[in-house]
Each structure stands twice: as C-alpha cells, then as structure tokens.
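Proteins get letters first, then strands, A, B, ... in listed order; numbering begins at 1 in each. As a basis for the values below, the full set of heavy atoms in this structure was taken, side chains included, without hydrogen atoms, waters or symmetry mates.
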6 protein chains.
Amino acid sequence: MNKLLVEDIIKNGLKEDINYFDAATDLLIDEKSQSSAYLISKEMGILAGIEVFKQVFEILGGDVEFTQNFNDGDSLKQGDVILELFGNTRTILKGERLALNLLQRMSGIATLSREFADKVEGLNTRIVDTRKTTPNLRILEKYAVGVGGCFNHRYNLSDAMMIKDNHIQAVGSIKKAVELGKENIPHTMKIEVEVKNIEELNEAIEAKADIIMLDNMSIKEMKKSVEIAKGKAVIEASGGVDLNTVREIALTGVDVISVGALTHSYKALDISLLIK
Amino acid sequence: MNKLLVEDIIKNGLKEDINYFDAATDLLIDEKSQSSAYLISKEMGILAGIEVFKQVFEILGGDVEFTQNFNDGDSLKQGDVILELFGNTRTILKGERLALNLLQRMSGIATLSREFADKVEGLNTRIVDTRKTTPNLRILEKYAVGVGGCFNHRYNLSDAMMIKDNHIQAVGSIKKAVELGKENIPHTMKIEVEVKNIEELNEAIEAKADIIMLDNMSIKEMKKSVEIAKGKAVIEASGGVDLNTVREIALTGVDVISVGALTHSYKALDISLLIK
Amino acid sequence: MNKLLVEDIIKNGLKEDINYFDAATDLLIDEKSQSSAYLISKEMGILAGIEVFKQVFEILGGDVEFTQNFNDGDSLKQGDVILELFGNTRTILKGERLALNLLQRMSGIATLSREFADKVEGLNTRIVDTRKTTPNLRILEKYAVGVGGCFNHRYNLSDAMMIKDNHIQAVGSIKKAVELGKENIPHTMKIEVEVKNIEELNEAIEAKADIIMLDNMSIKEMKKSVEIAKGKAVIEASGGVDLNTVREIALTGVDVISVGALTHSYKALDISLLIK
Amino acid sequence: MNKLLVEDIIKNGLKEDINYFDAATDLLIDEKSQSSAYLISKEMGILAGIEVFKQVFEILGGDVEFTQNFNDGDSLKQGDVILELFGNTRTILKGERLALNLLQRMSGIATLSREFADKVEGLNTRIVDTRKTTPNLRILEKYAVGVGGCFNHRYNLSDAMMIKDNHIQAVGSIKKAVELGKENIPHTMKIEVEVKNIEELNEAIEAKADIIMLDNMSIKEMKKSVEIAKGKAVIEASGGVDLNTVREIALTGVDVISVGALTHSYKALDISLLIK
Amino acid sequence: MNKLLVEDIIKNGLKEDINYFDAATDLLIDEKSQSSAYLISKEMGILAGIEVFKQVFEILGGDVEFTQNFNDGDSLKQGDVILELFGNTRTILKGERLALNLLQRMSGIATLSREFADKVEGLNTRIVDTRKTTPNLRILEKYAVGVGGCFNHRYNLSDAMMIKDNHIQAVGSIKKAVELGKENIPHTMKIEVEVKNIEELNEAIEAKADIIMLDNMSIKEMKKSVEIAKGKAVIEASGGVDLNTVREIALTGVDVISVGALTHSYKALDISLLIK
Amino acid sequence: MNKLLVEDIIKNGLKEDINYFDAATDLLIDEKSQSSAYLISKEMGILAGIEVFKQVFEILGGDVEFTQNFNDGDSLKQGDVILELFGNTRTILKGERLALNLLQRMSGIATLSREFADKVEGLNTRIVDTRKTTPNLRILEKYAVGVGGCFNHRYNLSDAMMIKDNHIQAVGSIKKAVELGKENIPHTMKIEVEVKNIEELNEAIEAKADIIMLDNMSIKEMKKSVEIAKGKAVIEASGGVDLNTVREIALTGVDVISVGALTHSYKALDISLLIK
C-alpha cells in the first residue's frame, strides 16, 4: 500500500473524529501520563490492517510503542492479544476509535474473503473483489481482500478496459468495441468484455478479448461457456454470488468469480482495545 | 448535511475510481451521446442519500437531469423506480459506480436503522449510533441513521464529553471527573459518564452527569439502574445490542440504546442503475 | 488543541509569508549558521500559544531548541524572557514573523479575556466567547480565551442548537421550535433559545430549553429574568457587553455572559523575538 | 484579489463554522423558504470586503440575490443599509456568521487605515502596512488597508529583499549585504535596508539601497535622516507609530511610515445582518 | 481526461502565477472591460490541449466565449487562428500565461509525437511514451502523446507489473518473478519483463510474460529477438531511441518502441495570444 | 527554495506515479532488503536539484542515506558519480522515477542556462527567465535557472508590475499607466514597461519606469534604445532570443535579456540511477 494515500485517510479520519479537542482526554488525562494497552480479538477472524492501525498513532504523535504478536493474514481466535501498546495515554485514547474503525473493517473484509477463499479450496478459481468498495477507502479494502486470500479485480476505470452493454450498443458490436479498444489503449492494458449469452461469448472470443465476464448466467450456461472459452480467454463469473453458491459456480471451471459482497456487505470484526 | 464536506468525499471518490480516464467510456461513447437511465431498487429497504447520488453527477458535469419518484426515508420495494436520469451518457457511466456505492451504503444503514427503530416502536426509547462509523464518511452515515428513524449520538470527541474508565481512573473518581468537566467545558456541552455497576451509577447521579451510560449491564441491572436514575439523568444502554435483544433492553426503561452495528455492520442495499 | 488542525494553519501561514524563498535570509545567511534568540514580552499580559509558537519552527525544520521560562496562562510583565531559542539561523528568521503573528494574537486574546475574567471575580458568572472568531483560526482563538480565564461557547453550528428569532418565526413558537429540536437532535446536544423579553423567557422555560440567552436586555430586565429563570435553565446575557458594563451585568445573577469582543476586537500583545 | 485564494478561505471558514450541519436551521427552516435581509452598519466606518461577503453566499449555494447600496471604500454612518439580500433562508442563515466575520474585520481595518490616512492628509507620506497580518488572511487584510486609503508594504519574504540587523551582521556590512543582494535577486526586485543610526544610513545610501527603513529613530534623527537621504532612496519610518505620533513623524519628510497596528490591532466594525 | 484532475492543475497554476493580484491588470483594466483575442500558431505543429486551454478561463470566471477553428490533433501551420476569444479583459489577461504554458507544452509533445509516428508509418509498430513525464502533469502529457499519434505505456506503478533487473535478482530468476507476479496480481493486469539478452528473452517467453522489453539491444539482437519471440509476447524496444534510429528499430519487427524523449525533451510549440 | 512547496510537488508526484502500490516492488522485493545505488551522469551538464532528489526519498520513508560527491551548480561530465545511496530497496525503487524526473529536468534547465550565461561572459548583461515555466513547477525551474548562472525575472503577476500593450491602451498612454501604477502599488514594487519603438521608449523614460522592455526590436533599434535609456532605467531585451543571437543582443548594451526557452524548451539531462 502507498503510505501517502493511507496518511491522507488517517489525517482526515482524525480531524473528523477529534475536531478541535478531545474534551474528556484533554481535560482529565495528564499530558505526560503513559499507559499500557492490549488489542484483543473478541471473535474468530483474519487480521488485516495492523500497519494502518499503528500508523494512526504515529501520525498522532509517535510516542507509542508496539509489541506485535500477530501479522496481517493470521487467524485470530477469541481472546488473542494481537498487539500490546505502551506510550502516551492521550495519544492512545485519541487514536483508539479511528484505529479500531479501520482495523475492524479491514479485518472484517479479510475474514469474509477467507470464507470465500476456503469455499473454492483445491480448485483453480480465484475469488476477486469489485469496484463496489467504500468510497475513499478503496486502497484499504482491496488490500484486505488480498490478505484474506482472495484477489483484486481492476483498481479503477483507467487500469483495465471493461466493455459493457452500453459500450457495445454505442459502437454496434463486441467486435468493433474490442477492435477500437485494442487500437487505442496502452499495450499494457487488458480488455474485458461482459457477455450475457453464448452468442456474445463467441463474439468476444473471436474478438480476442483478454477476459470475458459471464454476466448473471445460470450454472448450465456457465458450464457451456467454459467448454467453449477455456484457454482462449480468462473466464470470469459475476452476479448473484454468495457463500452458498460460490463453490458450485467455481466447479463450472470459470477462472475467476467476482464478488461485490467482499467489500460492500462485510461485518466489522470485533476487536477491542483494553487500556490498563 | 454540509454540502461542502460531501463535495470533498465525492471529488476524492471520483479521482479514486476514474483516475486519469475511463478507458471504455472515453474511447467508445461519443461525447455528445445522451441516455436515459433508471435507478431501481432490487430489494426492500429504506432510501437514503438520494441528494448525494445526484450531487455526484452535478460535480462530474452537471449535464444530467433527474425525475425523482422517492425521497430519503421512503420505503422501497423490489422493482421500485427511485429516479429517472436523462443526460450525457459519459457522465452517467462515469458517475454510476460512485453514486451507487454511496447510495447503497447509506440506504443499507437506513434500512438497518429502520429495523431497529421498528423494534422499539411504541416505547420511549431512542436507538442511537456511535462513533464506530466508516472513517471519512461519518457525515453520510450519521445522516442515514436519522433517515432510518434512529438518532445520532455525539458526532465527535469535541461536541460532548464522555467520561470513561480511563478518565475516571486518571482523576480518582467519577465525582472529581464530572466536576473537572463542569468547571471547564462550554456551558453548551453535556457530560456523559460510563458506569459498570450500581455503585458507579449512584456516583454519577450524585455528580449530576447529564447522561449515564450503562456499560454492558445485564437486563436486571439495567432495570435496577432505571429505577434509581430515571428522571435524574438520561440513561443510555450500551453493549451487546442486536435486533434480538434490543426490545428487551428498551423495556427496561432506558432512554437511549446505542448500537455500533448501525454503522459498522450493515449491508449495502441492492440498488441498480439501468441504462437504456 | 488538535495538532493536525494547527499544522494546517501553520503550513498555510508559512506558504503565505515565504512563498518561494526568503530573499534576504536565503542569500545572506549561511545555511549552517546557528543563533540564539530571546522571546521577550514588551508589555504586561497573559501568555497564550507558546506550543503553537514552537510548532512553527518544528514544521520549518526541527532544528531549533527551546528553553522555556513561561507557560500558557502565566502573567507576563515587560521585559520577561518567555523562551530562549537556539538553532539554525535560517529557520529562526523564516519562522519568526508567523510564530509571532500567532503568539501575539493568542496572547492578546488571553490578556483581554483575563481582564474580563477579573471583572467578575468572586461571582458565579462565566464570561464566554462567541462564533465571532477570525475565520480559519477559531481553534487558536477559542483556546486562548480559555487560557485567559474565560470560557467557550459552542464551537460551531452543529455542536449545540441555538434557536434564534428567525427559527422561531419559521415554526411559529418557541415551544414548537424546542419540541422539534428535542425530537431530532442528539441526546448529547443542548438547546439554547434567544429571548428578547419576559414573555419569551417564560415560553422558553416552559419549553425546557437548556440555556436561555437574554438578547440585549436592560439590567432591569435581566434581573427580572434571573428571578424567574434561575435554576430552571442556564441564563446567558448577550449584547452590548464591555469591560465597563460586564460586572453590573454579572451582578444581575446571570450564569453566563457572552462577549464577542474577546475574539473580534482584541489587540495583539507586544512580544518580540531578539536574535543575537 | 485572486478569487481562488479567497475561495479557499471561505470554504475553510464554512467547514469550521458549520461542520456537519446547522442544527437549528436544518431542522427548523424549510429548505425552500426564502427571506429578505438587510446588512446594516451599526457605527461609522469604511466599508471593505463586500465582494467577499457576497462570495460566501455564492459558495454556499448561489441562491441569494443582492441589491448593493455601498461599495468598498465608501464611508458608512450608523444605520446605513449597505446591502439587501433576498433568497434561500437556509443559505442566508448559514453564511451569515462567516460573511460578517470577514466583512467586519476587513471594514475594521479599512476604518483604522482611513484614520491613519486622514492624519497625513496634504503631506507626501504614505502609511503602509506590514507583514504583521492575521495568518491565512493576509490577502484580505492587505486589500482592506488599500481600501482605507493606506498602502501595502511587500507581501511576503520573496517579493522584496529586506535586509535587517541579522543579515548585516552575517555578511559583515551593509555594503556587502546590498552588493550580494543586487548580484543575485531579480532585476525586478527592490532592496530595503533597516538602519538604526545616521552612520548606517550613510552606508545604505552609498550602497544604493532602494529603500531605507529608519528603525525606531527619534523625530530628530528622522529629520536629520531625511535631510541626508531625501531623493537618494525611499525613506521609511518604522516603530512606535500610533494615531497620536503619525503626523509628527510624517512632518519629518519621510516618504513612508509603516504601521503594524493596521492589521494586528484593529477592531471589527459593527455591522449586522437583519433577517426579516 | 478526468476533468477533476485537470482542475487541480489549473487551480494550482493560477495561484502560482497570480498569487494575490495581477498588479497591472487589476489596477489598469476596468473590471467590466471586454476584449477580443486570437490564439495564433507561430509555427507548424500539432494542436493538443485546446480543452485545457479553455478550462483555464472557465475556472477564472467563466465570462469568456470561444469560437474554435481547430481541434486537438489538427495540423497547424504558421499563422493559423486556432481560436477566437471574446469576453472579460481581466479574465483573458490573467489566464493568458497559464493557458499558453499548458497548450504550448501539450502541443509541443503532440508535435514531437507526430514526428515519431510519421517515422514508422506503414509499419506495425507503436511508438509509446514512458513514465519520464513532468511530475504533476502526467495526465496532460500522456494525453498529448496520444493526440500526436503515438500511444501510452502504463500510467503508473500500479496498473501494470514491470519486472526489472533488481526485481529479478531479488527473487532469483525471471521464471520465479513472473510466477510470483501471476499468482498475486489482478487477472486484469499484464506482466512485462525487461531483458538484456537472448538468454533472458527465452526465459521470459517460457515464463509467459505478456510483454518483453528489449533493453538497449543492438539492431541485430533485436532482430534475433523478434524471430524468437514474435507472436509469443508483445515485444517492446527501449533505449537510445531518437528520430534517426526509430525507423530502423521498427523495421526489426518489434511491436512497440518506448521513447522517453516524447515527454522529457520536447520543445513548447510557439503559439501566441493576441489581444486586440 | 521553500521546502513546504517542494514537499507538495513531491507528494503529488509520488501519488501520481505509484497510485495504490508498486506492483513489482511490493510483490518481489523483501520489505527489509537494502541496496546500494549510484546516481550517474550520462552526459555533460550542470547539476541542479540534488536536494529535491534527496527529499523524495525522505518523504517516502527516510530510510535511505546519501554520500554526495557533487553539489548544485557543479559541472558534470559523462560518468560522474553524483551521489551514492544506501538504504531500503523498496524506497529506492519507488522513488527512483520521480527523483530522476525532477533532477533531470532541473539539471537540463541549469545546463541550458549555463550555455546562455557563457555566451555573455565578460559582458554586463544578465540572462533572465520568464513566466513561461511548467505550471506547478515554477519554484523548481526558476531555482535551476539561477543554478545555471542566469537570473530570475519576476516570479508572478503580483511581485512586479509589468505594463504591456493592452494596459497602455486601456488607460490611454504610458505616462498615465505608470502614474497610476506608482500611485497604487507598494513602494517596494518596481514598474516595467514594454515598448515597441523609440517613441514609446522616450515616453517610458519620461514616466520614470524602473525597467523598460524592448519588445522584439532589431539590433539597430536596441542600440539606439541603449544610447537613449542607459542609466535612466534598466533596459531589458525580449523576443526571438536564442543561443546564436544572444551575444549580439548583449553587445548592444542592454542590461537584461529575457529568454523563454530557458524553461519552456530545455532537454532533460541524461542522469541514471544504477542499483547494484
């Protein structure tokens, strides 16, 4: 992760949460007071974001030290002491909420990602995220997906060309759209085409799309698509994927399954900071 | 909501999502092309964030018009056409993802908030949010909580004084902490004290705290607390609240129940933009 | 004070004052030159902002050390050496003007605040500031008011609800306005109502406003208001307050007197930096 | 004035003052409500900043119209209606405080500047400001000085070279310092030298400084300096200038008198916004 | 191009160039004065950046109208009137320098790009840019390269994986590096490997790199590389390319030639704004 | 140079170049790996920007150390090792491109500036830059001009008053324009007038302009202008200056020659970073 982008998120977050002062802490805690604190997992899950967690306190003052017992990607069980903190009490109290808000969300995403990844264990299928991330926090969320054992789709509208319905309609055919793409985009960029049926699939293959997304197909259609397209393009399944359906979809032989829920419908992992 | 703060979120979001260009749209869609589109609810829920949704397209170019059928707070059922858009196709396609990412999250929060609010219908208890919001998006999330029929807790560390464990320890007693608070904070600011048992509750009442938060108490303790404190301070229950327990907690007579899940563990509401 | 907000003010201030280089210092002072300097009070007053003063030099380079003889809130007399600096001469010369501009203003506010505070000594009345602060510098000015022995009113439009004339007119009555407020604002937020006469005062009390502001009342009316409202709401006097009138107003028994002049019409305290 | 810089000040000011919402206005005023309002002078003075005042409301929403009766530089007497506003009530109420905070300060500076300017009427002496401006607001304050009939000194450390004590000491002599300056600075930039006595004055003249600042000289010394330097350099007097002493200083024949008080110790002009 | 990013560049540029006011224009030109102006090419070249040119005046005030005779990509000869402007004189004079600084640079890049593109006419080789762009202006420069008939390489370090010397050394072999890449990067991202000789080329092919960059190879080596790799990967030549050598390199059959000079050593195209 | 402004350029540059991660480096280089690297000149030229180069790595992490062999202004020949770096490999690889992009441009400008400066050696003429700088990078480019032995013209529109054609037309005469200027601008600011012929030159002298710019005059006219104006104003030649014509122009006796090409048409100096 680019630390400069994370720094902006943290600084905005601290201004949002503290505004001009921390009424209770600034009035009641001596500015030289020091404390120990423990970061404890209250439930099972996958840790993600521990560097971001620490960066919050560095930005707030740099007067807190850490003893780290777990790293991103580690499995946590209830009661695990992830990290011990020792340092300025005011810094710890002021950073606590933001640091947890980030860590819990990132770990929530990693935990859900791990569940999806486990569902396709042993298969040659990747679970990937989407652009359905929380606005302004994409860098953190996409990172957490990777920590959980899933993979990233394109990061933004400019690092891969995804040709959808409306684009195809606008230029007349998949063939024309892919051609126009190939003629114009950087040679370092891939083209993905969204298809709704076998006919479009065939067009996309013929057009030599790098990736073909099967949009909301039935299991049966997906199987047929895989038979036709395997090895000719990366095949991505999309639409209506959840923990119940993902393995069945993977078993059709698609290379990639994209899952919006990884970043739009996760639950924060329950992690607490206990200050002694 | 302060539109200037929302503008910052949207501009950051658009830079994050588009970066330097939209490969497919900028290459394949004529810059003067115009389209109609429909914003459709794919499931039941409460709408929140429709002004934010529209502001995305205004910031992108201002060349899209809206016909609005539903307002924030309205109940949506599957298939409802929330809004019709007509305007520049590129603007619509470039803003689509961010606008939906915001609207779906805000509506997800409103929908969950409505569920909580419904659980305490007929009772004199407010469900409120916490500071466990998504960093950088607090303004949107707290607004959505209100749209769903719940209420806001303090916005940040400087607009109310919340005295917790560590603060009390630092100064020696609840009494001392509240006194120091009253002597120093603005006369426009309230003091809330977190208590773990009846003894602390009594201290907080005696100290004339404006609000007393019962931290993770049992139903029985809460009932006792209400008996003691009712009318002397606003009584807030906190900890371990979910849709199953919230009514029972409310029935203890507490004035306020704070629920972190409202903003940290909601699911995005399924809303789609269909472009013709 | 939130150091991140102060950092923004200082960085903007340094860009404003230096722009691309310091013509005299960058051309004439060796970049390794070191100097001692003294921060000296040229008149009596109250010191405020010494941490902000030091932060200027930290942001400029961090190569200046300080020996501090006075702290915020201390009384200064003419000739007092507040602080000694030793370090990089360029850093000292480049930061001097901004550091003084901030310190002199903050100390000017603290000094004026102390004068007001002294006027009500022995009485149970607080002098508070208003939102009539210098735009972009509110955090510094409100802090300085506190250093001088006065208190802060609400910080901004969202951390307390102040119901004024126009709001009352819009909804029809004080009663209705307060009711709407109580139903909607966070339970952590107070409501203040501005009243112009006894009739409105009675309405506000009945509506259970937390704070009632007596707007430009005569001493006689204030006394009567205190008789009626004492103990039922915090009573705030506002309008036409100066050093000559403040004690008489305080003697009416009001709890709070708000004084715009604290932040809009102070004089900078005369403090100099002497470089050896 | 560069409107882009003013826009930044206004946007920061609005975020500072409103934060996430305006509790009273957003809850009690209908979003379509429209009002008339009057901007009224409560005391005599010089108007400055009326365009900035209007820009606040433009940035907030652009839904307010203005009928303007006075312009910057006009003399106001008590009761003058400077401007009439008509438009969205919420916009008017939310912008009121910031718009007034800026206008009152700018007009306060213009008023004080006019007093100084009047003191030297008929003489060939300019009163100028200094870099002792409010950090982040220099653009507004320097503009207001001009509106009041005084003039600006250099704007920042990079648009003129001011050689002071420490610079002279560092290079050994005034002669050497000016030489080094002339050899290195842009040919579009002037050099000013601060001198404490006649000896230094002569050195500065010999070195062909463009401007010579007489630092804290007595009236007698100033007269002598003028005799010596008149016509050879612009002569600037500085130090201990106030409304009582300024004319006597001007009568010595100096070309320029710099007055820090213009921007560090003015009083806000009393101007009110009355909303009907 | 993402207009929001361009807006940031323009706003920074205007603050840099104007700072607090335009001394000559603000003092000497009436604020209501209107003028006509002509944008004229003083030499042959390719136009690029005309929308950016216009955006400068929109951001400055929006009170200038344009009649456009040429579009991006058009060939200009000496004397061509590219655009006519009519509007506020102050706006035109204040925006002139920045608008030209941007347009001349972009057109300079497009002109040089066209020269390179022309050199490989009729061949199946693309000329592409590099990351050797002017910091903060990459979006404009990469766009201009495309306008001139060349193509873009990857935009930044995160939208394609370029494996260089040091990366290979760090993991031990090209094979290992590509494998690690394929296992971890998004399926939408391509891998490019830099090779110095035929041995490395063969490794890269075997590893199934998407793109292979021949780093500073001789024409002979390039030919051999093309024989080996054609059709197995996109082949990119890099190093020591100029207008004299580019065709010879293209004739080796490489698919892509990257040329740093396109963005690091172009000359601004001579374009003037004549104000009547 | 003001380091705070340079910091903004570097941070923007790093975000532009890295975006969310460095695909190759973050995946293939161990985060604790350390490397040595050499900064080597590949051609003759003048070094400029070495502090900026180093600041890039400081901002990225501060974990790189430097051994510096050359300073800004030094002549480089092919093969010179300018600087040795030792530190975190990831930091070195991520900062390399931006650091070089800045250093190569700045050194390119310094090198071209030195060529111009050498052309007028022995003469009393300064070569100066113009406002034709790369938008957002003026601070770096103007600094590099000075490193190369040329000088700076005014930095922006507000630090000197340049009266051009349109300004003169607007007020009626050079005399009137200069008068208006002198009456209004700071006493620390100079006035430059652009003249096209001897008649205008005489007017400008009479008006006591500080600087007179001879706009696109022939050598003969310039000589005549110098005869007339020498010693009465600084004489600046402008227009159509290149390395072939500059000495002849200087020999006319003008004081200053302004050359846009210094910053708009330089070539980046070829400097490489070799990582071991």
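- When each of B:I191, B:L137, B:I163 is checked for heavy-atom pairs under 4.5 Å with chain A, B:L137 comes out on top.
- Considering only heavy-atom pairs separated by less than 4.5 Å from chain A, the leading option among B:Q104, B:K176, B:M162, B:R138 is B:R138.
- What you find for A:A268 and B:S265 is that their closest heavy atoms are N-OG, 3.3 Å.
- Most heavy-atom pairs under 4.5 Å with chain B: of the set A:D159, A:I9, A:L100, this distinction falls to A:I9.
- Both the backbone and the side chain of B:T25 come within contact range of chain A, each with at least one heavy atom under 4.5 Å from a heavy atom of that chain.
- In plain terms, the two heavy atoms of B:A23 and A:A160 that are nearest each other are CB-O, 4.2 Å.
- When each of A:K267, A:Q169, A:K132 is checked for heavy-atom pairs under 4.5 Å with chain B, A:K132 comes out on top.
- For the pair A:S158 (side chain) and B:I18 (backbone), a donor-acceptor distance under 3.5 Å is present.
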Discussion item. Pair B:H264, A:R105 - check side-chain contact (heavy atoms from CB on, under 4.5 Å), show working.
Written reply: CA-CA 8 Å; B:H264 73 52; A:R105 277 167 176 74; 3.6 Å; yes
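- Your options are A:T134, A:I185, A:V171, and the one with the most heavy-atom pairs under 4.5 Å with chain B is A:T134.
- Note on B:L140, B:I168, B:L93: by heavy-atom pairs under 4.5 Å with chain A, the leading option is B:L93.
- A donor-acceptor pair is defined here as one N or O able to donate and one able to accept, closer than 3.5 Å; such a pair exists between the side chain of B:N101 and the backbone of A:R131.
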Practice prompt. I would like to know whether A:L157 and B:D17 meet side-chain contact (heavy atoms from CB on, under 4.5 Å); could you show each step before the answer?
Written response: CA-CA 6 Å; A:L157 293 170; B:D17 193 39; 4.0 Å; yes
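- Atom-to-atom distance recorded for A:K15:NZ and B:N136:CG is 10.5 Å, nearest 0.5 angstrom.
- Nearest heavy-atom pair across B:Y155 and A:E16 is CE2-O, 4.4 Å.
- For A:K175, the NZ atom counts as loosely surrounded, since its 6.0 Å shell holds 12 or fewer non-hydrogen atoms of other residues, nucleotides or ligands.
- Residues B:M161 and A:L27 meet the side-chain proximity criterion, which asks for heavy atoms closer than 4.5 Å.
- Rounded to the nearest 0.5 angstrom, A:N166 CG and B:L28 CG are separated by 11.0 Å.
- Considering only heavy-atom pairs separated by less than 4.5 Å from chain A, the leading option among B:L14, B:L5, B:T133, B:D26 is B:T133.
- Ranked by non-hydrogen atom pairs under 4.5 Å with chain B, the options A:L180, A:D270, A:I275 are led by A:I275.
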